[in-house]
Amino acid sequence: MLRLWQLRRRIANVNATESFDPERHLTAVAESLGLPVPDDARAGAVHYLRLAHDMARLLSTAPLADDGFEQASAFVPGRRAPSEP
Amino acid sequence: VSLLGPEIPAWRIADAVRRGEVGAVEVVEATLDRIAAGNPRINAFTDVTAARARAEAAAIDARRRAGEPLGPLAGVPYAVKNLYDVAGLATRAGSKINRGQPAAAEDAALVQRLRAAGAVLVGALNMGEYAYDFTGENIHDGDCLNPHDVRRIAGGSSSGSAAAVAAGLVPLTLGSDTNGSIRVPASFCGVFGLKPTYGRLSRRGTFPFCDSLDHLGPLARSARDLALAFDALQGFDGRDPAQADVPPLASLRELGKGIDGLRIAVLGGHFGQGGTAAAHGAVARIARALGAEAEAVLEDAALARAAAYIITSAEAAAFHLERLRTRAGDFDPYARERLLAGATLPAAWLVRAQRVRRFAHDRALALFDEHDLLLAPATPCSAPMLGQRTMTLDGRVVEMRPHLGVFSQPISCLGLPVCAVPAVAAGELPIGVQLIAAPWREDLCLRAAWMLEQAGVAVARLPGGSVGTPANR
């Protein structure tokens, strides 16, 4: 099983030039979204954002082909959602 | 043995009601008494629909007296996670915010199906807020406690669904599973749980968590009850955009085939390490009973888990964005932190995660060229203590909450059907094992689960150790 510390080691060299500051990212994007971040939630949100960044960097290692699909979640024309008439 | 006792499985109740050995009203009254007596200890129910249950049961007894045919679940009491719409109740989905919403006008699709099969709804069940939870802790309704040790968590987010069944309050419940929310509490509470193939069952009338990954399914103390319920729950609804229009399985009648002809392997790699000795020991016991000697590796398990993490964070946060803007103080603090982080994820991460999900799924299908069933731990440990925040795995202290789904999350990301079965070890807390099949082959999971139950290797024991008599199992 890939533990978090192993995951971090595995992706350490991926996009090595990318810098990601979860605090700055959270502040900037939340402000753009008009999303207040309560003081008592900030540290936790930063923690989970850092974890998400680790996961995203791992995903960047998958050897995807350009002709693969699933750019969007499944969308089937002709089917209605429950709330639509 | 009384037909009104807590150990009686759903299939036996339905059989007795159809034969007139016991009335549906008698069954429901005994069930309501048991809930009144037993629920305060574990806090599994948030609503008890006593008047509705009595009316549904009386209608079944009237039909039997009139000589009309009764459904396969005639008179079986059941309850649903409180994210299912129940006509007349607000669909709280474990939250404070939703309970201010108007009551549901009609039942969820799966509640309608169980009612049509003759089952009797007795209430709605506790859960982690908005299903973003593996613990069953809930600051709004109170924590749902593990019936086997009330100092421990029931697991989530379908906490009440597992605890109510484990305690013998009802024989059957419905839950939901996005990253493990049926399998994790089933493991901790020692019951059977089925997460069907993604797209198998209609989700109409349930409050979403993450549309791309949300599944619904049953929990019970018997694999036979899972099959009985699963057969009744199937059917194309046309109102859930993710539901596939596939032929229904008649899984109940397949149970007798057991594991004849099935090629069964144990998943190594990601799933073969990183849990406690109890978790891996449980897999070894189940593998021995199934004669599984081969090992298989799901190469992209870590990728699938990462994809599930990103998809869940981003979709759930986008769905709750307005509530986060206007009602942030009314969220559970743990859910709120993750949702706030998820709201800021770049779109490129989400699209990448969807593509990796497809990539990992397509590669995983090759495993089923050589194997029919794959075995893996359901959780890395048995039920942790309430309020616990860290745990030690492989000699390292890790955060508890994100790790509880480490073995369940990759499987639901790929949409594969899984039955979680309770592995029995004398004197130990329950712990579950996943029986995983190719898409649309829930019947294989259930066949193996039933075989293990009959062999006494996977058994849902009531608190205190009783597992019921063989006749009742």
Side-chain angles (χ1 to χ4, degrees), chain A residues 1-7 10-11 20 22 24-38 40-66 68-84, chain B residues 109 199 203-205 211-212 238-242 269-275 300-303 305-307 309-311 313 315 321 324-325 328-329 333-334 336-338 340-346 348-349 351-360 362 380 393-394 396 398-399 402 406-407:
Chain A
M1 183 181 68
L2 209 56
R3 301 241 153 272
L4 190 55
W5 64 272
Q6 291 170 315
L7 186 154
R10 177 168 165 179
I11 64 179
F20 180 75
R24 277 179 42 208
H25 178 91
L26 180 70
T27 301
V29 180
E31 190 176 317
S32 301
L33 290 170
L35 181 63
V37 180
D40 61 349
R42 178 168 288 275
V46 167
H47 170 74
Y48 288 113
L49 194 49
R50 187 176 289 117
L51 189 55
H53 181 247
D54 286 342
M55 296 293 186
R57 293 183 78 187
L58 178 63
L59 294 175
S60 73
T61 66
L64 301 184
D66 280 348
F69 289 107
E70 208 78 19
Q71 300 280 348
S73 53
F75 173 74
V76 182
R79 300 268 293 275
R80 290 179 295 179
S83 58
E84 298 302 320
Chain B
R203 304 169 304 174
R204 174 171 57 84
D211 190 14
S212 291
R239 302 300 298 273
D240 172 355
H270 177 92
F271 300 94
Q273 56 182 318
D300 303 310
L303 284 173
R305 183 178 175 225
Y309 188 95
I310 294 293
I311 294 166
S313 300
E315 275 193 28
L321 189 59
L324 285 169
R325 285 191 180 114
Y334 283 99
R336 184 180 59 181
E337 290 172 354
R338 284 173 290 166
L340 285 168
T344 71
L345 299 193
W349 294 7
V351 174
R352 179 82 184 179
Q354 291 284 15
R355 293 181 67 199
V356 171
R357 182 191 192 191
R358 168 61 58 189
F359 166 82
D362 291 359
L393 294 175
D394 285 347
R396 296 180 67 91
V398 298
E399 234 188 305
V406 68
F407 296 134

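Residue numbers start from 1 in every chain, and the chains themselves are labelled A, B, ... in the order their sequence lines are given, proteins ahead of strands.
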So do B/Glu337 and A/Arg42 actually touch side chain to side chain, heavy atoms under 4.5 Å? no
B/Leu345 side, atom CG; A/Met55 side, atom CE - distance, nearest 0.5 Å: 11.5 Å
Side-chain touch B/Arg336/A/Asp40, heavy atoms, less than 4.5 angstrom: yes
Quick one: list whatever passes salt bridge (charged side-chain N to carboxylate O under 4.0 Å, His left out) with B/Arg352, sequence neighbours left out. none
Residue pair A/Ala62 / B/Val356: nearest heavy atoms and the distance that separates them: CB-CG2, 3.9 Å
Heavy-atom pairs under 4.5 Å with chain A, option from B/Ala341, B/Ala343, B/Ala301 with the top count: B/Ala341
When every non-hydrogen atom of A/Ala30 is compared with those of B/Thr344, the smallest separation belongs to N-CG2, 4.2 Å
Note: vs chain A, highest number of non-hydrogen pairs under 4.5 angstrom among B/Arg338, B/Arg203, B/Arg204 is B/Arg338
With only heavy atoms counted, which part of A/Pro22 is less than 4.5 Å from chain B, the side chain, the backbone, both or neither? neither
Could you measure the distance from the OH atom of B/Tyr309 to the CG atom of A/Asp54? Nearest 0.5 Å is fine. 9.0 Å
Compare all side-chain heavy atoms of A/Tyr48 with those of B/Leu340 and state whether any distance is below 4.5 angstrom. no
How close do B/Ala307 and A/Leu59 get, counting heavy atoms only, and between which atoms? N-CD2, 3.6 Å
Residue list, side chain to side chain donor-acceptor pair (under 3.5 Å) with B/Arg325, at least two apart or on another chain: B/Glu322
Going by heavy atoms in the side chains, are A/Thr61 and B/Leu303 under 4.5 Å from each other? yes
Using the six-membered ring wherever Trp is involved, compare the ring planes of A/His25 and B/Trp349 and label them parallel, tilted or perpendicular (cut-offs 30° and 60°). parallel
Heavy-atom pairs under 4.5 Å with chain B are the metric here; pick the option from A/Val46, A/Leu49, A/Val37 that has the most. A/Leu49
